[in-house]
Amino acid sequence: MIATERLRLHPASPDDARQLAYGLDAGWIWLGGGPGQGTRDLAGIVERAAEVGWHRPPWGLYVTVRAADGVAVGGAGYHGPPDLHGTVEIGYELAPEARGLGYATEVARALVAFAFTDPAVGTVTASTYPDNQASQRVLLRTGFNREPDLDGLLRYRLDR
């Protein structure tokens, strides 16, 4: 588990990921009634990686839970283990009711800090859709720098 001041990021097992990929609650009480599409997408990545033997904890999905009440407010994590260049990509999503409270910045900072505890990781990347200005602000607040766009996405990078 990765703990922040107000949140707990609980690692999702491959079985949890399988359930979350299909919109099930995987045993969590979710703000808004269930995991969002971004969480389901990342869960699908973890599910497929586990099926082919490529899942490498801790480089997967985490369920973002409020410490105060134990309610899941979103999902976050890594799109896979560090690549040959020591780069990992992060992603995060919050239920609409949990946005605007600073949780996304807290999550992004925690994911970066955790990634940099691994000496093999030298770079953390993230991407957003051009119209997702809130996520772009989160990444800039977290210390990321803009990179050249890729496939219609805005790319961000943070080096150790």
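Note that the structure is a prediction, hence the values are computed from the model and not measured.
Looking at Q19 and D15, their side chains do bring a donor and an acceptor atom within 3.5 Å of each other. Between the side chains of E147 and T125, no donor N or O sits under 3.5 Å from an acceptor N or O. Between the side chains of Y156 and T142, no donor-acceptor pair of N or O atoms lies under 3.5 Å.
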F144/V112 under side-chain contact (heavy atoms from CB on, under 4.5 Å): CA gap, chis, key distance, verdict: CA-CA 10 Å; F144 283 79; V112 167; 3.8 Å; yes
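For the pair T123/R160, no side-chain contact is recorded, criterion being any heavy-atom separation below 4.5 Å from C-beta on. Considering only heavy atoms from C-beta on, Y62 comes within 4.5 Å of I2 through its side chain. Considering only heavy atoms from C-beta on, I45 stays 4.5 Å or farther from L61 through its side chain.
Residue L20 comes nearest to A12 through the heavy atom pair CD1-CB, 4.5 Å, listed as atom of the first residue, atom of the second, then distance.
Ion pair E89/R155 flagged as a salt bridge, since at least one NZ, NE, NH1 or NH2 atom sits closer than 4.0 Å to an Asp/Glu carboxylate oxygen. Ion pairing between a basic and an acidic side chain is recognised when a charged N comes within 4.0 Å of a carboxylate O; D16 and R18 show no such pairing.
The environment of CD in Q37 is crowded: more than 12 heavy-atom neighbours from other residues, nucleotides or ligands sit within 6.0 Å. Around the CG atom of L101, the shell of radius 6.0 Å holds more than 12 heavy atoms that belong to other residues, nucleotides or ligands.
Between H79 and W59, the distance separating the two ring centers is not shorter than 6.0 angstrom.
Between Y78 and F114, the two ring planes are tilted [angle within 30° to 60°].
For the side chain to side chain contact (heavy atoms under 4.5 Å, CB included) with E93, the qualifying choice from V73, L42, T39 is T39, the only one to do so.
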